[in-house]
There are 2 protein chains.
Amino acid sequence: MPDSSFPQPDADDIRLTGILRALSDPGRVRIVQVLADGEYHACNVEEFGLDIQKSTLSHHFKTLREAGLTTVDITGRNHCIALRTGELEARFPGLIASLTSEAAVADVSRRAAPE
Amino acid sequence: MPDSSFPQPDADDIRLTGILRALSDPGRVRIVQVLADGEYHACNVEEFGLDIQKSTLSHHFKTLREAGLTTVDITGRNHCIALRTGELEARFPGLIASLTSEAAVADVSRRAAPE
DNA sequence: CAGAAGGTTTGACGAACGTCGAACTATTTG
DNA sequence: CAAATAGTTCGACGTTCGTCAAACCTTCTG
């Protein structure tokens, strides 16, 4: 059960447009791809290698969670997030798989257009 | 071959982040879903049922085309667009299929949250 | 209990975005 | 050739977004 102070939508309330809106930022796509291993990951900057401040990262976490993509686990002062893989697959079959495929990860890793 | 005055990226230059950026607008997602039948569709407002002005629609067409999602065919004064289905599938397998699945179309059709 | 550690929240700022109406271009029709 | 048609481009507008630094809140540690 998710922590009540970090609300997330019910599975039925996850909207495709909300997901796509959340994934319009390359950094957030990267986060989802890192989470694709199904594990919980610590909510710190090093974990995702994103060269942004922690307040910005926290904002991205919030955006992903409110879109229904992630869930949070809090133990002590450590926050961890994970993909809601099962619920997302049930709702939009194949979507997460295609976004975290080898081709997708390779494309996002190569950040911008090679000049 | 695409018309030179409506440039589109080569298949290899289609970026996932570009696609997701283009699809962050619900109207553009809707357009892609209408195009999912593989046919060319006229570039007019009625075709997509989107309650926006034609200048706005044209802006959406441009965004989709520059992201590599669509291609244009011009005959006389009629412009038609189609999804670049094959190239997109080759580049990001399963992505378009998941975005235009029955579940995805149903979700986007039900525009906002039911109160 | 004082301080450190791990993240979140707040407020502000500039950039990017969706939208529209008006002007424009090219083609077809009378 | 003049008017109509199909759609794009331009310029302007209000809004939303990503970003950061600073303040904040909990939990852990000495």
Side-chain angles (χ1 to χ4, degrees), chain A residues 2-8 17-32 34-35 40-67 69-82 108 111-112, chain B residues 2-8 17-32 34-35 40-67 69-82 108 111-112:
Chain A
D3 189 294
S4 61
S5 52
F6 292 89
Q8 64 186 47
T17 53
I19 291 178
L20 293 174
R21 175 66 195 78
L23 296 181
S24 66
D25 183 89
R28 292 196 288 258
V29 179
R30 181 73 194 145
I31 293 172
V32 167
V34 170
L35 295 178
Y40 277 84
H41 288 250
C43 287
N44 56 52
V45 184
E46 305 80 37
E47 191 76 14
F48 301 95
L50 276 182
D51 201 27
I52 53 178
Q53 297 311 115
K54 62 178 183 177
S55 59
T56 302
L57 186 63
S58 191
H59 166 67
H60 287 327
F61 290 150
K62 182 178 184 182
T63 301
L64 290 170
R65 176 172 44 78
E66 291 179 344
L69 282 159
T70 59
T71 191
V72 181
D73 176 79
I74 305 179
T75 53
R77 61 187 174 189
N78 298 318
H79 295 205
C80 292
I81 68 172
V108 174
R111 302 287 247 188
Chain B
D3 189 293
S4 61
S5 53
F6 292 88
Q8 65 186 46
T17 53
I19 291 177
L20 294 173
R21 176 67 195 76
L23 296 180
S24 65
D25 183 89
R28 290 195 291 257
V29 179
R30 181 72 195 143
I31 293 172
V32 167
V34 170
L35 296 179
Y40 277 83
H41 289 251
C43 288
N44 56 52
V45 183
E46 305 80 38
E47 191 77 13
F48 301 95
L50 275 181
D51 201 28
I52 54 178
Q53 296 311 116
K54 62 178 183 175
S55 58
T56 303
L57 186 64
S58 191
H59 165 67
H60 287 327
F61 289 150
K62 182 178 184 183
T63 301
L64 291 170
R65 177 172 43 77
E66 291 179 343
L69 282 159
T70 59
T71 190
V72 182
D73 175 80
I74 305 181
T75 52
R77 61 188 174 190
N78 298 318
H79 295 205
C80 292
I81 66 171
V108 173
R111 302 286 247 186

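By convention in this document, chain letters (A, B, ...) are assigned in the order of the sequence lines, proteins followed by strands, and residues within each chain are numbered from 1.
Contact annotation: B:His79 side-chain N/O to D:dG7 OP1/OP2 distance is not under 4.0 Å. Distances shorter than 4.0 Å separate some side-chain N or O of A:Thr56 from OP1 or OP2 on D:dC20. Remark: A:His60 is not in phosphate contact with D:dC17, judged by side-chain N or O atoms under 4.0 Å from OP1 or OP2. Considering only side-chain N and O atoms, B:Arg77 lies nowhere under 4.0 angstrom from the phosphate OP1 or OP2 of D:dA4. Phosphate contact (OP1/OP2 of C:dC17, side-chain N/O of B:Arg21, threshold under 4.0 Å): present. Considering only side-chain N and O atoms, A:Asn44 lies under 4.0 angstrom from the phosphate OP1 or OP2 of C:dG7.
For the pair A:Glu46 CD and C:dG6 C1', the computed distance is 10 Å after rounding to whole Å. Rounded to an integer number of Å, the gap from A:Phe6 CZ to D:dT26 C1' is 10 Å. Look at CD on A:Gln53: it is 15 Å from C1' on C:dT8, rounded to the nearest Å. Spacing between atom NZ of B:Lys54 and atom P of C:dC20 amounts to 13 Å, rounded to whole angstrom units. For A:Ile74 and D:dT27, the CD1 to C1' distance is 11 Å, given to the nearest whole Å. Look at NZ on A:Lys62: it is 13 Å from P on D:dG18, rounded to the nearest Å. A:Asp25 places its CG atom 14 Å from the C1' atom of C:dC17, with the value rounded to the nearest Å. In this structure, B:Asn78 atom CG and C:dT25 atom C1' are separated by 15 Å, rounded to whole Å.
Distances were taken from every side-chain heavy atom of B:Phe61 (C-beta onward) to each of D:dG18, D:dT8, C:dG6; the shortest belongs to D:dT8. The side chain of A:Ser55 sits closest to D:dA21 out of D:dA6, C:dG18, D:dA21. Of the candidate nucleotides D:dT8, C:dG18, D:dA21, C:dG18 has the atom lying nearest to any side-chain atom of B:His59.
Between A:Phe6 and A:His79, a ring centre-to-centre spacing shorter than 6.0 Å is recorded. For A:Phe48 and A:His60, the distance between ring centers is not under 6.0 angstrom.
Using a 4.5 Å cut-off on side-chain heavy atoms (C-beta onward), B:Leu50 and B:Thr56 make no contact.
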Run the side chain to side chain contact (heavy atoms under 4.5 Å, CB included) test on B:Phe61 and B:Val72 for me, step by step, so that the C-alpha distance in whole Å, both residues' side-chain angles and the decisive distance to 0.1 Å come before the verdict. CA-CA 9 Å; B:Phe61 289 150; B:Val72 182; over 6 Å; no

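No engagement by A:Arg65 is indicated, since no non-hydrogen atom pair under 4.0 Å with the nucleic acid exists. Using a 4.0 Å heavy-atom criterion, one finds that A:Leu57 contacts no nucleic acid atom at all.
Of the residues near DNA chain C, B:Ala22 and B:Thr75, the one whose nearest nucleotide (by heavy atom distance) lies more toward the 5' end is B:Ala22.
Within the model, atoms CG of B:Leu23 and CG of B:Leu69 stand 5.5 Å from one another, a figure rounded to the nearest 0.5 Å.
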